[in-house]
Amino acid sequence: MAAYTYDQFRKVLKELGFSQVRSRKHETWLLLDPTRPYRKATLKHQKGKTIPVDLFKNMLTQAGSTQEAFARILARS
């Protein structure tokens with residue numbers, strides 16, 4: 001599994017239609033699209049750091065995405 005950073009995850013969340021709605025201890029991102037299921041993803045304020053593998057998998061689940069889709073979005077942007 002490739003290693004990804006928090007900045008890359010933010011970029012993919014934006015591409016998926018998420019919006020950052022809160023930034024306190026952690027960042028909260030919501031998918032505000034009435035045609036898709038409600039989703040909420042939480043990120044730490046770790047700008048350029050690599051995301052640990054287990055945490056990355058959990059964050060993908062929160063976002064309703066897969067690693068393959070994540071990699072495709074990063075590759076085209």
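Heavy atoms only: backbone and side chains are in, while hydrogens, waters and symmetry mates are out.
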Contact summary for Trp29 and Arg10, nearest pair of heavy atoms: CZ2-CG, 3.9 Å
Atom pair OG/CZ of Ser65 and Phe9 - distance to nearest 0.5 Å: 7.5 Å
Salt-bridge criterion met for Glu27 and Lys44 (N-O under 4.0 Å): no
ILVMFWY cluster, Met59 and Leu74 together (side-chain gap under 4.5 Å): yes
Closest contact, heavy atoms only, Phe56 versus Ile51: N-CG2, 3.5 Å
Closest approach of Gln62 to Thr42 (non-hydrogen atoms, all atoms of both residues): OE1-N, 2.9 Å
pair Lys49-Thr5: side-chain heavy atoms closer than 4.5 Å: no
Donor-acceptor contact present, side-chain His45 to main-chain Ser23, <3.5 Å: no
Minimum-distance pair of heavy atoms, taken over all atoms of Leu13 and Ala63: CD2-CB, 3.9 Å
Test item: Asp7 and Lys11 side chains (from C-beta on) under 4.5 Å apart, heavy atoms: no
Minimum-distance pair of heavy atoms, taken over all atoms of Leu16 and Leu31: O-CD1, 3.6 Å
Distance in Å, Gln8 CD paired with Ile73 CD1, rounded so as to fall on 0.5 Å steps: 12.5 Å
Candidate pair Tyr4 and Val12, rule side chain to side chain contact (heavy atoms under 4.5 Å, CB included), full reasoning: CA-CA 11 Å; Tyr4 297 104; Val12 170; over 6 Å; no
Atom of Tyr6, atom of Thr50 and distance for their closest heavy-atom approach: CE1-O, 4.1 Å
Heavy-atom check, side chain of Thr28 versus side chain of Lys40, under 4.5 Å: yes
Within one Ile-Leu-Val-Met-Phe-Trp-Tyr cluster: Leu55 and Phe70, side-chain cutoff 4.5 Å: yes
Audit row: Glu68, Arg72, side chain to side chain contact (heavy atoms under 4.5 Å, CB included) steps and yes/no: CA-CA 6 Å; Glu68 293 78 23; Arg72 273 195 311 272; 4.0 Å; yes
